[in-house]
Amino acid sequence: MTTSRRNAPAGDRRVRRTHAALQGALIKLVEEQDLGQISVADVAEQAGVNRTTFYDHYRDVHELAEAACTATIDTLIESLPALDPALAAPDAEPARSLVAFFENLAEHAGLYRSLLGPQGSARVIDHIRSRICASVHVTVRLNAGAAPDSVSTTDIPHDVPAAFTAGALLGVATDWLQRDSPRTPNEMAELTWQLLVAHHPTDARHATT
C-alpha cells in the first residue's frame with residue numbers, strides 16, 4: 001500500500017487531503033510556469049502548508065508531479081487502442097480511442113507541456129513511456145487470445161512493436177503540446193492512427209511473448 005513519507009496510510013483522510021492540496025497547487029502553478037522553475041517552497045505556499053509537511057509526503061517537486069498526473073496517465077492509457085491493423089477503418093474504435101487520448105492531453109496541457117518539455121522530468125517521461133508500452137503489450141496479447149492471468153503489466157518482455165508504439169505516441173504528443181496544440185484532438189487522432197498502422201508490423205499479434 002502507498003504511504004506518506006512518515007508511513008501514514010494513503011487511505012488516511014488527512015493524508016488524502018494533503019496530497020490533494022499539494023497536487024492541486026502544483027497543477028495550478030504549472031499552468032503559469034515551467035515545472036523546472038517551481039520550487040518546493042512555491043508549492044507549499046500555494047497549498048497553504050509548510051515545507052516540512054511537503055517533505056512528509058514527497059521527496060521533491062518531480063515526485064509530486066508524477067503523483068499528480070498518475071490518475072490522468074491511467075485515463076490516457078485506458079483510452080489507448082489495440083493497434084490491430086485489422087481495425088484500421090476510418091470509423092474503427094482505435095481511432096476514436098485516440099481522440100480520447102489527445103483530449104485528455106489537451107485538458108491538462110499545461111501540466112503535460114511542462115512534464116514532457118525540455119525542462120521537464122526525465123523520471124515522469126520514462127514513467128509514461130513504460131506505462132504505455134506495458135499497456136500496448138498486454139492489449140495485443142489479450143486480443144491474440146492469451147489468458148488474462150498469463151499477462152502482466154509489470155516485467156514485460158522485450159516487445160519491439162510495443163516500445164515503438166509507446167515512443168511514437170509520446171513523441172507525437174510532446175511535439176503537439178510544445179507547439180500549443182495547433183491541431184484538434186480529432187485531427188491528431190486521425191493522423192496518428194494512420195501513421196501507427198502504416199508502420200506497425202503486418203500482424204500486431206506477433207508481438208514478443
Side-chain angles (χ1 to χ4, degrees), residues 1-5 10-11 15-49 53-81 97-139 153-154 156 162-163 165-181 185 188-189 192:
M1 172 172 28
T2 302
T3 60
S4 74
R5 311 302 287 180
V15 172
R16 292 199 304 269
R17 283 201 300 264
T18 302
H19 286 182
L22 290 169
Q23 292 172 20
L26 178 65
I27 289 172
K28 184 172 182 179
L29 288 169
V30 87
E31 295 290 342
E32 303 168 355
Q33 60 190 114
D34 289 336
L35 182 66
Q37 299 175 331
I38 299 173
S39 68
V40 169
D42 293 332
V43 176
E45 181 179 359
Q46 180 70 40
V49 302
T53 298
F54 179 100
Y55 287 117
D56 281 345
H57 299 272
Y58 301 103
R59 286 191 299 267
D60 52 33
V61 172
H62 283 174
E63 184 177 72
L64 171 61
E66 183 171 337
C69 69
T70 294
T72 303
I73 290 172
D74 289 341
T75 300
L76 293 177
I77 290 173
E78 288 170 3
S79 76
L80 290 177
S97 296
L98 277 174
V99 173
F101 177 83
F102 285 104
E103 285 178 342
N104 273 281
L105 288 176
E107 182 180 356
H108 301 278
L111 176 63
Y112 280 100
R113 190 174 293 116
S114 292
L115 292 176
L116 304 179
Q119 302 302 317
S121 167
R123 185 163 58 203
V124 171
I125 292 171
D126 185 68
H127 176 74
I128 295 173
R129 182 200 56 76
S130 62
R131 291 287 297 277
I132 293 175
C133 186
S135 175
V136 172
H137 171 81
V138 169
T139 300
T153 58
T154 60
I156 68 170
T165 301
L169 283 173
L170 189 56
V172 167
T174 300
D175 181 74
W176 182 61
L177 290 169
Q178 292 302 312
R179 295 175 185 275
D180 293 324
S181 309
M188 290 301 297
T192 303

Could you tell me whether a side-chain N or O of Asp60 sits under 3.5 Å from a main-chain N or O of His62, the two making a donor and an acceptor? yes

Output for pair (Leu98 CG, Leu169 CG), nearest 0.5 Å, gives 6.5 Å

Test your reading of the model: is there a side-chain donor-acceptor pair from Ser130 to the backbone of His127, 3.5 Å cut-off? yes

If you measure from CG on Leu111 to CG on Leu116, what distance do you get to the nearest 0.5 Å? 8.5 Å

At what distance, to the nearest 0.5 angstrom, does SG of Cys133 lie from CD1 of Ile128? 14.0 Å

Can you give me every donor-acceptor pair (side chain of residues 23-32, partner residue at least two apart or in another chain, under 3.5 Å) with its distance?
{"residue": "Gln23", "atom": "NE2", "partner": "Tyr58", "partner atom": "OH", "Å": "3.0"}

Would you give the length of the straight line joining atom OG1 of Thr18 to atom NE2 of His57, rounded to the nearest 0.5 angstrom? 4.5 Å

State, to 0.1 Å, how close Cys69 and Leu115 come at their nearest heavy-atom pair, and which atoms those are. SG-CD1, 3.8 Å

Steps toward side chain to side chain donor-acceptor pair (under 3.5 Å) verdict (Thr53, Asp56): CA-CA 5 Å; Thr53 298; Asp56 281 345; 4.8 Å; no

Please confirm whether the backbone N or O of Ala100 pairs with a side-chain atom of Asn104, one donor and one acceptor, at under 3.5 Å? yes

Between the side chain of Arg129 and the main-chain N/O of Ala166, is any donor-acceptor distance below 3.5 Å? no

If you draw a 6.0 Å radius around CD in Glu45, do more than 12 non-hydrogen atoms from other residues or ligands fall strictly inside? no

Measure the shortest side-chain to side-chain distance between Gln37 and Ser114 over non-hydrogen atoms and say whether it is less than 4.5 angstrom. no

Smallest separation among heavy atoms of Arg113 and Ser181, with atom names: NH2-OG, 4.4 Å

Quick one: side chain to side chain contact (heavy atoms under 4.5 Å, CB included) partners of Val172, sequence neighbours excluded? Phe102, Met188, Thr192

Which atom pair, heavy atoms only, marks the closest approach of Pro185 to Glu103? CB-CG, 3.7 Å

Starting at CD1 of Ile125, measure out to CD of Glu66 and round the result to the nearest 0.5 Å. 11.5 Å

Backbone N or O of Arg131 within a donor-acceptor pair of the Ser135 side chain at under 3.5 Å? no

Going through the checks in order, is the side chain to side chain contact (heavy atoms under 4.5 Å, CB included) test met by Phe54 and Leu64? CA-CA 9 Å; Phe54 179 100; Leu64 171 61; 3.6 Å; yes

